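Structure first, commentary second.
Just so it is clear, the model here is predicted, and its values are computed rather than measured. Order of the sequence lines fixes the chain letters, A, B, ..., with proteins taken first and strands second; residue numbering starts at 1 for each chain.
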Protein chains: 2
Amino acid sequence: MSGRGELAVLLATAYRVTVDDLHRHLADVGHPGLRPAHGFAFWYLSHHDDATSVDLAAHLGVTKQAAAQLVDELDRLGYVTRGVHPRDRRARTVRLTAKGRHCVEQVVAYWADRERRWAKLVGPSDLRTVRNALRAYVADAPTGLKPRW
Amino acid sequence: MSGRGELAVLLATAYRVTVDDLHRHLADVGHPGLRPAHGFAFWYLSHHDDATSVDLAAHLGVTKQAAAQLVDELDRLGYVTRGVHPRDRRARTVRLTAKGRHCVEQVVAYWADRERRWAKLVGPSDLRTVRNALRAYVADAPTGLKPRW
DNA sequence: CGATATAGTCAAGGCGCTTGTCGATCGACA
DNA sequence: TGTCGATCGACAAGCGCCTTGACTATATCG
């Protein structure tokens with residue numbers, strides 16, 4: 001790597017490694033076969049009561065049908081349940097089950113551990129620098145290019 | 001964002017923003033409809049003469065058939081040509097055309113510009129810190145989890 | 001109240017991958 | 001040199017994760 005574009009490759013690699021290792025870890029602790037979209041959905045559902053497929057679709061940046069399919073799948077796997085919406089007879093709510101919540105907890109714990117490990121590698125001060133620099137980079141992104149999650 | 005897992009989201013967002021903006025830029029300069037796999041393929045082809053579909057497949061981490069399909073597509077779009085392999089009658093070489101090389105140049109220029117811009121946002125010293133921290137993070141990844149590109 | 005919008009569901013299609021197979025060529029070994 | 005197993009590209013079919021289209025029931029607004 002000649003140096004030019006190295007940051008791009010590092011970002012891509014870091015992201016990919018992050019995702020792959022997280023999913024390997026989740027399989028190890030009883031949650032096999034999950035993928036990034038599941039993770040983003042869990043995050044959203046863990047912060048929103050009474051979410052609907054359409055809410056989730058907007059958050060994930062996909063169509064409502066794709067979101068519904070994802071929810072179907074998570075339902076089948078036991079991570080979510082659907083129920084009657086309290087205020088809209090057309091809609092159905094999507095809620096995490098205990099299994100879904102356990103999964104979210106595992107992700108949170110995983111990330112706490114990874115950050116500790118990274119801080120030990122480069123020092124807490126440098127990790128703060130990384131965080132701030134990434135924040136600046138993302139904030140500088142052209143409008144409309146921010147992923148919704 | 002409560003702070004826990006923030007780095008994960010920042011990495012994911014930075015990566016996604018990077019890829020999206022690069023592809024928007026490439027469309028602007030005459031290369032519409034490209035996707036990340038194309039970029040990785042271009043990078044490989046620009047560093048390897050006489051590459052074959054199987055070489056590319058290994059590099060991209062996909063099957064030889066998927067790589068061949070990608071090459072078909074790039075051939076159709078005018079980014080690569082195929083030829084006789086100098087040493088193996090079974091194989092065919094894949095080479096970048098002038099259009100392909102132009103695209104690679106645009107990517108390199110794009111990244112030079114983005115890095116300059118990022119350095120201006122956070123300071124060159126902090127950007128160095130980011131680079132070193134990402135290198136450390138990636139080097140610390142569990143074996144077998146390094147993406148091939 | 002009527003017209004328009006919206007939620008979920010069902011259906012079909014597209015794209016980018018996968019696995020399987022085949023004939024031609026290669027490489028190793030006796 | 002001949003044989004056998006491996007490998008290359010190409011062809012074929014299938015799968016997963018999205019998309020668009022359509023429909024009925026419900027909601028919203030003037």
Considering only heavy side-chain atoms of Ala91(A), the closest of dA7(C), dA10(D), dT18(C) is dA7(C)

Would you call the rings of Trp43(A) and His59(A) parallel, tilted or perpendicular if under 30° counts as parallel and over 60° as perpendicular? parallel

Distance test, side-chain N/O of Arg92(A) to OP1/OP2 of dT9(C), below 4.0 Å: yes

Taking the minimum atom-to-atom distance to the side chain of Asp88(B), which one of dT26(D), dG8(C), dC26(C) wins? dC26(C)

May I ask you to list the residues of residues 63-72 of chain A, by number, that have any heavy atom positioned under 4.0 Å from an atom of DNA chain C? Lys64(A), Gln65(A)

For His85(A), check ring-ring contact (aromatic ring centres under 6.0 Å, His included) against everything at least two apart and list the hits. none

Got a second to check how far Arg128(B)'s CZ is from Thr129(A)'s OG1, nearest 0.5 Å? 12.0 Å

Can you tell me if the side-chain N/O atoms of Arg82(B) get under 4.0 Å from OP1 or OP2 in dG9(D)? no

Between Asp20(B) and Arg16(B), is there a salt bridge with N-O shorter than 4.0 Å? yes

Atom-pair distance (CZ on Arg35(B); P on dC15(C)), nearest Å: 11 Å

Considering residues, nucleotides and ligands other than Lys120(A), do more than 12 of their heavy atoms fall under 6.0 Å from its NZ? no

Which atom of Val71(A) lies closest to which atom of Ser53(A), heavy atoms considered: CG2-OG, 4.3 Å

So CG of Leu26(A) and NE2 of His38(A): to nearest 0.5 Å the spacing works out to 11.5 Å

Specify the separation, in whole Å, of atom CZ of Arg89(A) and atom C1' of dT9(C). 17 Å

Atom CG of Asp50(B) and atom P of dC8(D) are separated, to the nearest Å, by 15 Å

Spacing between Leu56(B) atom CG and dC17(C) atom P, to the nearest angstrom: 11 Å

Integer-rounded Å distance: dT28(D) P and Arg90(A) CZ: 7 Å

Figure out the CD/C1' separation between Glu73(A) and dC18(D), and round it to whole Å. 12 Å

Separation of dC17(D) atom C1' from Arg76(A) atom CZ, nearest Å, is 13 Å

